[in-house]
Visitor: 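Just passing along the structure, written as structure tokens.
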Amino acid sequence: MNKIADILENVKTLGIAGHIRPDGDCVGSCMALYLYVKEWYPQIEVDVYLDHPREVFSYLSCMDEVKMESSGAKEYDLFITLDVSSIDRLALALESFQKAKRTVCIDHHVSNQGFAHVNIVEGDISSASEVLYTLLDKEKVTRPVAEAIFTGIIHDTGVFQYSSTSPQTMRIAANLMETGLDFGKIIESSFYEKTYIQNQVMGRVLAESILILDGRFIIGYLKHKQMNFYGISAKDLDGIVSQLRLTKGVEVAMFLYEYSTQSFKVSLRSNGKVDVSEIAVYFGGGGHVRAAGFEMQGTLYDVINNVSSHVEKQLLGE
């Protein structure tokens, strides 16, 4: 596996970017690499692009330097994507990525087919942040870098709950904690803390959720008019599908929200018996065995009926 020192050799300009609607792993891995390069490679001119990251990540160093728009005019010696499973998921700076002299993809999605010159894709590792950590010089992981990597790991492991959490994940977390980061504050403020409106919305989704397939498949949803009523966006919906998954007896949870008329973003979570990445890929999305997503056009019931047939097929064949 290439190390970051090898990847950055002879590089003078570097672009870094993550996927659309960046989650904790995306923000954490991108910022970790950005901070690492700024600290140890001051000769490299580096930019990081993120699609309007949520305010909850404001505790990370240099978040005020994130570029949230791109003209696409800048050409880089090297462009690195992190936590991006396919080229169409690259939120910003796609043109700059395509113009770059060299490109590298660092990821952990099993559905990633590889779209860069160099693809470092480890599908059995918890997060892109953990993959990145394996590429860094451990002696050079400062506290700000550690905070970003720790953020990414806790978000993609559900604070070490998900099956993707390995003994190595825990060892890395321990190493990061030794830098002196306030792990409790990071976990509470970025993972658990919700606004009053977010709690209201989650409560409504849970109260109106649907339980089908003998109680093994739970579905929560928000229609476009409900999104408008609460004045919320996709950034306010984190954690809902994971909460649905915790329902006793459930094998698969689905949360879908209508971002425009008859256009839905769908998130799936599995407790292990159903491979939701297979379902997501079928509908043009991607992800992991236990966590995946995609977008679909149609009515709410079209989406539910289409997805439930795939879930049922896997459950019947277990």
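Positions are given from 1 along the sequence.
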Visitor: Does atom CD of Glu39 have more than 12 heavy-atom neighbours from other groups under 6.0 Å away?
Guide: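 Yes, because the 6.0 Å sphere around CD of Glu39 holds more than 12 heavy atoms from other groups.
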Visitor: Quick one: does Thr247's side chain have a donor or acceptor within less than 3.5 Å of a partner on Leu244's backbone?
Guide: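 At least one qualifying donor-acceptor pair exists.
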Visitor: Carefully, step by step, assess Ser85 and Asn112 under the rule side chain to side chain donor-acceptor pair (under 3.5 Å).
Guide: CA-CA 5 Å; Ser85 59; Asn112 192 323; 5.9 Å; no
Visitor: Of all the heavy-atom pairs spanning Gly18 and Val84, show the shortest one and how long it is.
Guide: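 Here Gly18 and Val84 meet closest at C-CG2, 3.5 Å.
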Visitor: Atom CG in Leu94, atom CZ in Phe79: separation rounded to 0.5 Å?
Guide: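 Reported value, rounded in 0.5 Å steps: 9.0 Å.
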Visitor: Considering non-hydrogen atoms only, spot the tightest contact between Ser308 and Ile212 and give its length.
Guide: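 Heavy atoms only, the tightest pair is CB-CD1, 3.9 Å.
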Visitor: What about the rings of His288 and Tyr162, do their centers lie closer together than 6.0 Å?
Guide: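 Distance test on ring centres: not under 6.0 Å, no.
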Visitor: Can you check side chain to side chain donor-acceptor pair (under 3.5 Å) on His117 and Thr103, steps first, answer last?
Guide: CA-CA 5 Å; His117 294 129; Thr103 57; 3.2 Å; yes
Visitor: How many angstroms lie between atom CD1 of Ile16 and atom OH of Tyr49, to the nearest 0.5 angstrom?
Guide: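 It is 10.5 Å, given to the nearest 0.5 Å.
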Visitor: Could you go through the side-chain contact (heavy atoms from CB on, under 4.5 Å) check for Glu278 and His310 one step at a time?
Guide: CA-CA 9 Å; Glu278 181 182 306; His310 285 262; over 6 Å; no
Visitor: For the pair Lys235 (side chain) and His52 (backbone), establish whether a donor and an acceptor sit closer than 3.5 Å, ignoring hydrogens and angles.
Guide: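 Yes.
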Visitor: Looking at Tyr259, is its backbone amide N or carbonyl O close enough to the side chain of Ser263 to form a donor-acceptor pair, meaning the two atoms are under 3.5 Å apart?
Guide: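 No, the answer is negative, given that no donor and acceptor are paired below the 3.5 Å cut-off.
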Visitor: With rounding to the nearest 0.5 Å, note down the distance linking CD1 in Ile304 to OG1 in Thr299.
Guide: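 One gets 8.5 Å once the value is rounded to the nearest 0.5 Å.
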Visitor: Among side-chain atoms of His155 and Ser190, is any donor-acceptor pair under 3.5 angstrom?
Guide: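 Their side chains do contain a donor-acceptor pair, which is all the 3.5 Å distance test asks for.
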Visitor: Looking at every heavy atom in both Val307 and Ile279, which two are closest together, and how far apart are they?
Guide: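 Answer, listing the atom of Val307 first, then Ile279: CG1-CG2, 4.4 Å.
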Visitor: With a 6.0 Å cut-off (strictly less than), is the heavy-atom count around CD of Glu188, excluding the residue itself, greater than 12?
Guide: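 Open.
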Visitor: Check Ser127 against Asp156 and note the closest heavy-atom contact, atom names and distance.
Guide: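 Taking every non-hydrogen atom into account, CB-CB, 3.8 Å.
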Visitor: Can we say Lys74 and Glu45 salt-bridge, meaning some charged N sits less than 4.0 Å from an Asp/Glu carboxylate O?
Guide: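 Answer for the salt bridge query: yes.
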Visitor: Check the pair Lys3, Glu9 against salt bridge (Lys or Arg N to Asp or Glu O under 4.0 Å), reporting the backbone distance first and the verdict last.
Guide: CA-CA 10 Å; Lys3 293 292 185 179; Glu9 191 172 353; over 6 Å; no
Visitor: Do Tyr76 and Asp47 pair up side chain to side chain, a donor and an acceptor below 3.5 Å, judged on atom types alone?
Guide: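 Side-chain D/A pair, Tyr76 to Asp47: present.
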Visitor: Looking at Tyr36 and Asp137, would you say the former's side chain and the latter's main chain have a donor-acceptor pair under 3.5 Å?
Guide: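 Pair found, side chain donor or acceptor close to backbone of Asp137.
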Visitor: Quick one: do Asp77 and Lys101 satisfy salt bridge (Lys or Arg N to Asp or Glu O under 4.0 Å)? Show the steps, please.
Guide: CA-CA 5 Å; Asp77 292 334; Lys101 295 175 184 175; 3.2 Å; yes
Visitor: Gln226 side chain to Lys223 main-chain N or O, any donor-acceptor pair under 3.5 Å?
Guide: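 Present.
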Visitor: Per the side chain to side chain donor-acceptor pair (under 3.5 Å) rule, which among Asp236, Asp238, Asp23 passes with Arg54?
Guide: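 Exactly one candidate clears the test, Asp238.
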Visitor: Of the non-hydrogen atoms in Ile149 and Leu176, which two are nearest, and what is the gap between them?
Guide: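 That closest heavy-atom pairing would be CG2-CD1, 3.7 Å.
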Visitor: Run the ring pair (Phe, Tyr, Trp, His ring centres under 6.0 Å) test on Tyr257 and His224 for me, step by step, so that the C-alpha distance in whole Å, both residues' side-chain angles and the decisive distance to 0.1 Å come before the verdict.
Guide: CA-CA 7 Å; Tyr257 66 87; His224 194 227; 9.9 Å; no
Visitor: When you measure from the side chain of Asp275 to the backbone N and O of Ser277, does any donor-acceptor pair fall under 3.5 Å?
Guide: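 Yes, Asp275 side chain to Ser277 backbone: donor-acceptor pair under 3.5 Å.
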Visitor: Decide yes or no on side-chain contact (heavy atoms from CB on, under 4.5 Å) for Met254 and Val266, but give the supporting numbers first.
Guide: CA-CA 7 Å; Met254 176 170 73; Val266 183; 3.6 Å; yes
Visitor: Thr142 versus Thr179: any side-chain heavy-atom pair under 4.5 Å?
Guide: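 No, every pair of side-chain atoms sits at 4.5 Å or beyond.
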Visitor: Does Tyr221 reach the side chain of Ile210, with side-chain heavy atoms less than 4.5 Å apart?
Guide: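 Sidechains of Ile210 and Tyr221: in contact.
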Visitor: Just verifying a value: how many Å separate Ser233 OG and Asn228 CG, rounded to the nearest 0.5 Å?
Guide: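 Answer for the OG-CG pair, Ser233 versus Asn228, is 11.0 Å.
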Visitor: NZ of Lys185: more than 12 outside heavy atoms within 6.0 angstrom?
Guide: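 Counting neighbours around NZ of Lys185, 12 or fewer heavy atoms of other residues, nucleotides or ligands fall under 6.0 Å, so no.
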Visitor: Where the side chain of Gln198 meets the backbone of Thr195, is there a donor-acceptor pair that is under 3.5 Å apart?
Guide: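 Checking the backbone N and O of Thr195 against the side chain of Gln198, a donor-acceptor pair under 3.5 Å is found.
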Visitor: Do other residues, nucleotides or ligands put more than 12 heavy atoms under 6.0 Å from Lys225 NZ?
Guide: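 Result for NZ/Lys225: open.
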Visitor: Could you tell me whether the side chain of His108 and the main chain of Ile125 form a donor-acceptor pair under 3.5 Å?
Guide: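 Here the side-chain-to-backbone pair exists.
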Visitor: Give the C-alpha distance, both sets of side-chain angles, the deciding distance and a yes or no for side-chain contact (heavy atoms from CB on, under 4.5 Å) between Tyr133 and Lys138.
Guide: CA-CA 8 Å; Tyr133 181 83; Lys138 309 309 176 289; 3.3 Å; yes
Visitor: Does the pair Lys38/Glu65 count as a salt bridge with the N-to-O cut at 4.0 Å?
Guide: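 A salt bridge is present here (some side-chain N lies under 4.0 Å from a carboxylate O).
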Visitor: So which atom in Gly298 and which in Phe264 form the shortest heavy-atom distance, rounded to 0.1 Å?
Guide: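 Smallest interatomic distance, heavy atoms only, reads O-CE1, 3.2 Å.
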Visitor: Do Leu256 and Lys265 come close enough that some side-chain heavy atom pair is under 4.5 Å?
Guide: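 The answer is no; the side chains never approach within 4.5 Å.
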Visitor: Tell me if the OH atom of Tyr192 is crowded by more than 12 foreign heavy atoms within 6.0 Å.
Guide: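 Yes, because the 6.0 Å sphere around OH of Tyr192 holds more than 12 heavy atoms from other groups.
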Visitor: Between Asn271 and Val252, is there a side-chain heavy-atom distance shorter than 4.5 Å?
Guide: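 When only atoms from C-beta onward are counted, Asn271 and Val252 do not touch, as no gap falls below 4.5 Å.
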Visitor: Ring centroid separation for Phe97 and Phe115, is it under 6.0 angstrom?
Guide: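 Between Phe115 and Phe97, which both carry aromatic rings, the centre distance is below 6.0 Å.
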Visitor: Does a side chain donor of either Glu130 or Thr169 reach within less than 3.5 Å of an acceptor in the other side chain?
Guide: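 Note: Glu130 and Thr169 side chains meet the donor-acceptor criterion.
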Visitor: Say you draw a straight line from CD1 of Ile80 to CD1 of Ile7; how long is it, rounded to the nearest 0.5 Å?
Guide: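 Nearest 0.5 Å value for the CD1-CD1 distance: 5.5 Å.
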Visitor: State whether the side chain of Asp107 and the backbone N or O of Leu82 hold a donor-acceptor pair below 3.5 Å, judged by distance alone.
Guide: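 A pair under 3.5 Å: no.
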Visitor: Output, in order, the C-alpha distance, side-chain angles, deciding distance and verdict of side-chain contact (heavy atoms from CB on, under 4.5 Å) for Arg216 and Leu211.
Guide: CA-CA 7 Å; Arg216 304 177 77 187; Leu211 201 58; over 6 Å; no
Visitor: Counting only heavy atoms not in Lys12, do more than 12 fall under 6.0 Å of its NZ?
Guide: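 Result for NZ/Lys12: open.
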Visitor: Would you say Gln161's side chain and Gly158's backbone share a donor-acceptor pair under 3.5 angstrom?
Guide: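 Yes; at least one donor-acceptor contact below 3.5 Å.
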Visitor: Give a yes or no on whether Asn199 atom CG has more than 12 heavy-atom contacts from other residues, nucleotides or ligands under 6.0 Å away.
Guide: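 Correct, the count exceeds 12.
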Visitor: In Å and rounded to the nearest 0.5 Å, what is the CD1 to CD1 distance from Ile120 to Ile106?
Guide: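 Reported value, rounded in 0.5 Å steps: 5.0 Å.
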Visitor: Please work out which of the three classes, parallel, tilted or perpendicular, describes the rings of Phe150 and Phe183, given edges at 30° and 60°.
Guide: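 Plane angle over 60°, so perpendicular.
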Visitor: Under 4.5 Å between side-chain heavy atoms, counting indirect links through other Ile/Leu/Val/Met/Phe/Trp/Tyr residues: same cluster for Val104 and Leu8 or not?
Guide: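 Result: yes, single cluster for both.
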Visitor: Taking everything shown except Tyr282 itself, do over 12 heavy atoms lie less than 6.0 Å from its OH?
Guide: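 At most 12 heavy atoms, drawn from other residues, nucleotides or ligands, come within 6.0 Å of this atom.
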Visitor: Taking only Lys NZ, Arg NE, NH1 and NH2, and the carboxylate oxygens of Asp or Glu, determine whether Glu295 and Arg21 approach each other closer than 4.0 Å.
Guide: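 A salt bridge links Glu295 with Arg21.
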